[in-house]
Engineer: 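This is the structure I have questions about; it appears just below.
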Amino acid sequence: MTGLADKFQQTVEQRHSYARKWKQRTGGRVVGYLCTYLPEEVLYSAGVLPVRVMGGHEPQDVTEPHIAGYYCAWCRDTLAQGVLGRYDYLDGLVTAHSCMHIRQTFHSWVKHHPIPYSYYMYMPGQVHTPQAEECLCREIEAFKCSMEEWVGKDISEDAIRDAIQVYGKHRRLMGELYQGRKGAKVSFSGAEALSVVLSSQVMDKGEHNQWLEEALSAPSSGVDAPLRLMMLGSVIDDVALVELIESLGAMVVTDDSCTGTRYFGDNTPLHTDPYTHMARFQLRKPPCPIKDMEERRRPAHVLSLARDYGVQGAIFVQEKFCDPHASDFPTLRVALEQVDIPSLKLEVDVTTPLGQLRTRIEAFMEMLQVEV
Amino acid sequence: MLRTEYPTRPLECWPKMKELRRTLFREYWENQDKGNPLMLGGYGNLSSLPSGVDGRGAGLGIYYARVMRDRDLLLKCHQTMDEMGYGPEICATLRVNLASMFMGFQMRSPKGKLYKPDFIIEFHICDSQSKSTQIAWEHYQIPYFVLEIPLFPPERVETGKDYMVAQMDACIRWMEKVTGKEYDDEKLIKAVYNEWDGRVLWSRVAEFQKATPAPLDQKMFNSFATLMMWGPHQQPVTEVLWELYDETRQRVDEGIAAVSTERCRLLHEGQPPWFHRAFLRYPNLYGASYLGSAYLWGLWGAFGADEDGTWTVPLTPRERGTVLRNREDALRSLADLALDHSPIVTSHMVAPQVAATVKMVKDWHVDGVVLHIDRGCKGQSAANAETRLALREENIPCMVYESNNADPREFSEAQVMDRMDSFLESLGVSRLEAFSSGKDEED
Ligand code: SF4
Ligand code: SF4
């Protein structure tokens with residue numbers, strides 16, 4: 001999907017200009033969000049464009065007064081974007097409760113760069129319990145009420161259902177796109193798939209659905225994947241890193257990340273009540289480590305992805321100083337080893353040293369090729 | 001500057017506190033032999049909950065304080081975790097506690113008997129806490145329950161309380177299932193009254209620190225904190241706290257100081273480097289004293305916080321005349337305690353912690369604040385960078401040092417103490433030649 005891939009990728013690169021143009025075109029408001037556990041449908045139903053705040057991957061020296069250097073690179077990089085004014089077009093900033101790192105980004109941004117609207121939604125950690133569902137339904141309703149007050153109009157149930165339908169369709173289409181990466185011939189490379197997911201987090205979902213339909217209907221015989229890899233991590237948003245891996249003779253066929261499968265989950269209709277449906281989607285989607293408490297679900301999920309996509313090797317992309325992912329790493333590494341899937345752990349900071357990583361990736365792939 | 005001399009004397013309830021600590025430690029190991037559950041997880045907060053099945057817990061690290069006193073063992077703990085792939089990103093305290101488990105001494109009693117805990121209940125405030133307990137659960141393969149203490153802004157706190165009550169109710173049914181014991185609501189109710197009393201007493205003692213001279217210092221609080229970690233829901237703990245309260249009040253009335261040369265009052269925010277025993281007494285060389293901290297008082301105390309950061313001590317249910325008639329009442333009361341009156345919970349939202357520290361400086365007549373940018377504890381040091389900015393805005397002197405509360409490899413003693421010397425001098429105090437803080441009092 002070369003032409004289309006470029007379109008998705010360009011939108012990611014020009015995400016600020018996309019949002020500004022959207023604002024101009026629609027007269028609507030744009031709200032940035034920091035964590036994918038936020039039910040975007042609520043924003044969508046209010047006619048607001050939800051835009052995931054992403055890092056810039058450039059060296060920066062503006063966050064040190066707000067967040068110490070041993071908090072994760074992602075939370076510092078996203079805050080830097082706010083401090084540097086890259087998101088000045090935002091009318092609001094919201095987040096769902098996740099980790100203590102991103103909470104600091106939210107706090108410092110809102111405090112030092114006042115923004116007309118800000119909201120902190122609680123997202124329970126004990127996602128597998130019925131108590132969490134009750135709690136989250138109430139929180140989503142409260143968020144909706146706050147949104148109504150802010151935009152100055154009621155959000156009808158039809159509007160919510162419409163948003164749920166648009167997001168449901170998006171999840172189905174993303175599922176189809178990933179489906180095309182399961183067979184021997186892979187229709188979308190890892191870099192292409194990543195661009196699609198990233199663009200979906202900054203674009204109007206209705207428009208993204210159209211682009212996706214186009215991409216999926218384009219004839220593609222797929223390409224052979226010499227080595228099938230999976231990437232695991234929190235936010236893997238560096239397309240250049242995936243391109244580097246794929247340029248070395250492998251194909252990233254799937255992932256467990258919040259810029260991948262963890263974002264779109266699956267499209268199962270979960271309940272006729274819209275709030276229960278939205279809550280269940282967030283509670284049941286493949287968990288991030290912070291939402292994977294008590295009996296772990298991540299190892300089984302990762303192994304089923306590995307099986308379904310015929311994965312031969314795994315690359316962990318560890319954001320420096322991210323403790324939730326660091327504490328899951330040994331367990332996941334062992335789980336993969338037990339099914340003969342070797343793994344490599346790469347640590348990334350605000351900037352990704354591709355040159356240094358290249359040598360390590362090459363060595364890992366050589367080892368894999370010998371094994372295969 | 002003139003040197004002020006205040007009378008000072010040791011705390012009379014000190015030996016009693018130490019004796020009770022020994023008793024609680026002994027009883028912990030005896031609990032299972034008596035047919036009661038031995039529990040892992042929890043660090044004093046909501047300690048009432050397992051009391052309905054006579055469960056006893058002590059966090060994950062019953063030997064934590066001992067490891068902190070043994071540098072070789074401490075380093076071995078960190079090395080063990082490194083080798084197992086649990087990197088330095090993870091909470092340093094919990095790395096030490098998990099290492100004690102992997103190294104096989106966590107559940108070995110001083111008499112040498114190796115125990116297997118019956119279950120784990122973890123209270124999820126800090127993510128590191130519950131993620132680490134997950135590793136312990138995998139190790140022991142015993143029943144495991146995580147009770148989430150949610151972070152809600154005040155305007156929606158009722159949703160959070162309902163969530164907590166529902167979880168605690170589920171936890172009680174789960175305890176009945178895994179222990180085969182009937183849960184005793186009477187014991188719960190009694191424990192909840194005590195937990196409130198204990199935590200309110202802790203706060204009231206902290207309030208006595210507003211007096212000049214301060215009757216206690218941070219190190220003294222740390223010693224009593226062990227009792228809080230064992231659980232303020234226990235009658236003997238509240239009894240000792242009552243004694244501490246009465247005695248501290250008397251010290252204030254009589255002008256008895258913790259530091260006889262007090263002329264400069266400090267707060268220390270964040271956990272101190274626990275392995276460095278003289279650290280908290282170092283400012284005494286200058287006639288300066290650490291009164292305590294929002295961290296230490298907020299962790300075990302009960303305070304309500306106004307928007308401007310003012311902390312006020314609530315009345316206990318007994319004082320309010322609130323009768324806890326049944327399980328529902330008791331659990332709701334615990335949820336109120338956790339979500340309306342636990343600064344340690346709200347501190348994870350950053351803003352309340354920043355406001356509290358700034359206001360505390362005024363209310364406790366503090367001259368300077370020392371902030372620990374603590375690589376070992378991401379949970380409790382999250383607000384420290386913003387606190388520094390807020391203090392600067394208010395022209396409140398503050399010093400920052402970066403280190404790790406539980407990993408001496410990251411503590412540069414010479415650098416930190418040098419900085420401390422300069423900071424104290426900048427506060428207008430100089431070293432007291434006649435004073436020696438060389439010998440550390442046994443804590
Ligand atoms: S989960 Fe990890 S990478 Fe994501 S914000 Fe938290 S600490 Fe950072
Ligand atoms: S608050 Fe600090 S010490 Fe406590 S669990 Fe979290 S990181 Fe560890």
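What you see below is based on every heavy atom in this structure, not just the backbone, and it leaves out hydrogens, waters and symmetry mates. Naming convention: chains lettered A, B, ... in sequence-line order (proteins, then strands); numbering from 1 in each chain.
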Engineer: Most heavy-atom pairs under 4.5 angstrom with chain A, which of B:Gly87, B:Ala351, B:Gly160?
Structural biologist: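 Option with the top pair count is B:Ala351.
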Engineer: Return yes if a side-chain donor-acceptor contact under 3.5 Å exists between B:Glu386 and A:Ser108, otherwise no.
Structural biologist: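 Present: a donor and an acceptor within the cut-off.
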Engineer: Could you look at A:Arg296 and say if it's the side chain, the backbone, both or neither that has a heavy atom under 4.5 Å from chain B?
Structural biologist: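 Both parts, backbone and side chain.
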Engineer: Would you say the side-chain atoms of B:Glu89 pair up with the backbone N or O of A:Cys322, donor to acceptor, closer than 3.5 Å?
Structural biologist: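 Such a contact is absent between B:Glu89 side chain and A:Cys322 backbone.
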Engineer: Which heavy atom of B:Trp137 sits nearest a heavy atom of A:Glu294, and at what distance?
Structural biologist: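 Looking at all heavy atoms of both residues, the shortest contact is CZ3-O, 3.9 Å.
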Engineer: Select one option (side chain, backbone, both, neither) describing which atoms of A:Tyr120 are under 4.5 Å from chain B's heavy atoms.
Structural biologist: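 Both parts, backbone and side chain.
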Engineer: Nearest heavy-atom pair of A:Cys135 and B:Phe152: which atoms, and what distance?
Structural biologist: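 Looking at all heavy atoms of both residues, the closest pair is SG-CZ, 4.0 Å.
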Engineer: Please report the shortest heavy-atom distance between A:Pro330 and B:Tyr86, naming the atom on each side.
Structural biologist: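 Closest pair (atom of A:Pro330, atom of B:Tyr86, distance): CG-CE2, 3.4 Å.
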Engineer: Where on B:Ser132 is there a heavy atom nearer than 4.5 Å to chain A: the side chain, the backbone, both, or neither?
Structural biologist: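 Neither part.
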Engineer: Is there a donor-acceptor pair under 3.5 Å between the side chain of B:Arg156 and the backbone N or O of A:Ala142?
Structural biologist: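 No.
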Engineer: Walk me through whether A:Met100 and B:Ser128 qualify under side chain to side chain contact (heavy atoms under 4.5 Å, CB included).
Structural biologist: CA-CA 10 Å; A:Met100 58 192 135; B:Ser128 287; 3.8 Å; yes
Engineer: Which answer fits A:His325, side chain, backbone, both or neither, if we ask what part of it has an atom under 4.5 Å from a heavy atom of chain B?
Structural biologist: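 Contact with chain B: none, neither part.
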Engineer: If you count heavy-atom pairs under 4.5 Å between each of B:Asn384, B:Leu151, B:Asp162 and chain A, which one has the most?
Structural biologist: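 The candidate making the most pairs under 4.5 Å is B:Leu151.
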Engineer: Do B:Tyr144 side-chain atoms and A:Glu295 backbone N/O form a donor-acceptor pair below 3.5 Å?
Structural biologist: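 No.
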Engineer: Would you check, one step at a time, whether the test side chain to side chain contact (heavy atoms under 4.5 Å, CB included) holds for A:Asp328 with B:Gln134?
Structural biologist: CA-CA 10 Å; A:Asp328 269 9; B:Gln134 193 171 39; 4.2 Å; yes
Engineer: Between A:Gln126 and chain B, which part of the residue has a heavy atom less than 4.5 Å away: side chain, backbone, both or neither?
Structural biologist: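 Its backbone and side chain both get close to chain B.
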Engineer: So which heavy atom on A:Asp292 is nearest to which on B:Lys131, and how close?
Structural biologist: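 In this case the closest contact between A:Asp292 and B:Lys131 is O-NZ, 3.2 Å.
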Engineer: Is it true that a side-chain atom of A:Gln131 and a backbone atom of B:Tyr163 form a donor plus acceptor pair closer than 3.5 Å?
Structural biologist: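 Flag not set: sc A:Gln131 to bb B:Tyr163 has no pair under 3.5 Å.
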Engineer: In terms of heavy-atom pairs under 4.5 Å, which option from B:Glu402, B:Met84, B:Glu138 contacts chain A the most?
Structural biologist: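 Sorted descending by pairs with chain A, the first entry is B:Glu138.
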Engineer: Select one option (side chain, backbone, both, neither) describing which atoms of A:His66 are under 4.5 Å from chain B's heavy atoms.
Structural biologist: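 Backbone plus side chain of A:His66, per the 4.5 Å heavy-atom cut-off to chain B.
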